[in-house]
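For clarity, every value in this text was computed on a predicted model and none was experimentally measured. We're numbering straight along the sequence, starting at 1.
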Amino acid sequence: MRYALLIYTSEAGPIPSEEQMQQIYKAYDAYTEGVKKSGAYLYGDAFQQSNEAVTVRVRDGMTQTSKGPFEKTKEALGGIYVVTAPDEQHAIELAAGIPGAQWGSIEVRPLMEFPTG
């Protein structure tokens, strides 16, 4: 089964130093390589800050946009991994290894499986 591992972190608070950012990048690189070697990796990417987002709604045939995320929250969606795992417990184990789980939170969400044909 496929799972999205959604990485949430606080955008408020102290900005990491360049040295801290390099350590974070190295930790993510090591995690990504490990997941790739395990065969579970399907896709992963990081997002720009939430203030770069545009929210789009269509109401009565009219497109409406607003700058910023859909909803203000304490933590913002910072990145995603899409993995394959035999069950939810294995997906949780993969999520626990994500470096951001140490200071943010990881949402494990099963992806829909649509019939083909």
Side-chain angles (χ1 to χ4, degrees):
M1 181 158 203
R2 295 174 307 135
Y3 292 87
L5 309 180
L6 305 167
I7 304 163
Y8 290 90
T9 58
S10 174
E11 292 181 332
I15 298 172
S17 69
E18 183 62 34
E19 182 179 317
Q20 290 169 320
M21 287 305 301
Q22 291 303 317
Q23 291 173 343
I24 291 168
Y25 292 149
K26 285 180 183 177
Y28 269 96
D29 286 345
Y31 173 80
T32 302
E33 284 306 310
V35 175
K36 285 179 177 177
K37 286 180 182 173
S38 77
Y41 181 88
L42 296 175
Y43 176 78
D45 221 328
F47 299 128
Q48 295 284 339
Q49 295 248 334
S50 64
N51 62 358
E52 296 294 323
V54 175
T55 299
V56 178
R57 294 176 183 84
V58 177
R59 301 293 185 268
D60 298 321
M62 301 293 293
T63 301
Q64 304 168 355
T65 62
S66 58
K67 190 72 173 148
F70 171 70
E71 189 173 321
K72 299 287 184 196
T73 61
K74 289 175 61 173
E75 293 183 324
L77 183 59
I80 184 172
Y81 282 97
V82 177
V83 298
T84 182
D87 55 41
E88 183 180 78
Q89 184 57 43
H90 189 253
I92 290 169
E93 291 168 10
L94 290 169
I98 295 174
Q102 298 174 45
W103 57 83
S105 60
I106 313 299
E107 179 181 347
V108 177
R109 175 114 31 124
L111 296 176
M112 296 289 293
E113 300 290 343
F114 294 102
T116 58

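- Closest non-hydrogen pair, Asn51 versus Lys67, comes out as O-CE, 3.5 Å.
- Across every non-hydrogen atom of Ala95 and Val108, the tightest pair is CB-CG2, 3.6 Å.
- Proximity of Arg57 to Ser66: side-chain heavy atoms (C-beta onward) are separated by under 4.5 Å at one or more points.
- In this structure, Gly104 and Glu75 approach most closely via the heavy-atom pair CA-OE2, 3.6 Å.
- Looking at Asp60, its side chain never comes within 3.5 Å of a backbone N or O of Met62 through a donor-acceptor pair.
- No continuous path of hydrophobic side-chain contacts links Leu111 to Val35 [ILVMFWY only; heavy atoms under 4.5 Å].
- In this structure, Ile92 is not a member of the same hydrophobic cluster as Tyr8, with clusters built from ILVMFWY side-chain heavy atoms closer than 4.5 Å.
- Partners of Glu113 according to the salt bridge (charged side-chain N to carboxylate O under 4.0 Å, His left out) rule, which considers only residues two or more places apart in sequence or in another chain, are Arg2.
- Checking side-chain atoms of Glu11 against main-chain N and O of Ala76 turns up no donor-acceptor pair under 3.5 Å.
- Glu93 places a side-chain heavy atom less than 4.5 Å from the side chain of His90.
- Side chains of Ile98 and Tyr81 form a contact here, defined as non-hydrogen atoms less than 4.5 Å apart.
- With rounding to the nearest 0.5 Å, the separation of CD in Gln22 from CD in Gln20 is 11.5 Å.
- Under a cut-off of 6.0 angstrom, the local environment of CD in Glu19 is sparse, with at most 12 non-hydrogen atoms contributed by other residues, nucleotides or ligands.
- Taking CD1 of Ile106 as the reference point, atom OG1 of Thr9 lies at 8.5 Å (rounded to 0.5 Å).
- Here CD1 of Ile7 is found 11.5 Å from CD of Glu107. Values are rounded to the nearest 0.5 Å.
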**Message:** Apply side chain to side chain contact (heavy atoms under 4.5 Å, CB included) to residues Val83 and Leu42 and explain how you reach the verdict.
**Reply:** CA-CA 5 Å; Val83 298; Leu42 296 175; 5.7 Å; no

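- Tyr28 contributes a side-chain N or O that, together with a main-chain N or O of Gly100, makes up a donor-acceptor pair within less than 3.5 Å.
- One hydrophobic cluster holds both Ile24 and Leu5 under the rule that ILVMFWY side chains link at heavy-atom gaps under 4.5 Å.
- Between the OG atom of Ser17 and the CD atom of Gln23 there is a distance of 7.5 Å, given to the nearest 0.5 Å.
- Note: the hydrophobic cluster containing Phe47 also contains Tyr43 (ILVMFWY, side chain heavy atoms under 4.5 Å, direct or indirect links).
- In this structure, Tyr25 places its OH atom where only 12 or fewer heavy-atom neighbours from other residues, nucleotides or ligands lie under 6.0 Å away.
- Tyr41 and Ile80 sit in two unconnected hydrophobic clusters of ILVMFWY residues. Membership requires side-chain heavy atoms under 4.5 Å apart, directly or through other members.
- In this structure a side-chain-to-backbone donor-acceptor pair under 3.5 Å is present from Tyr3 to Glu88.
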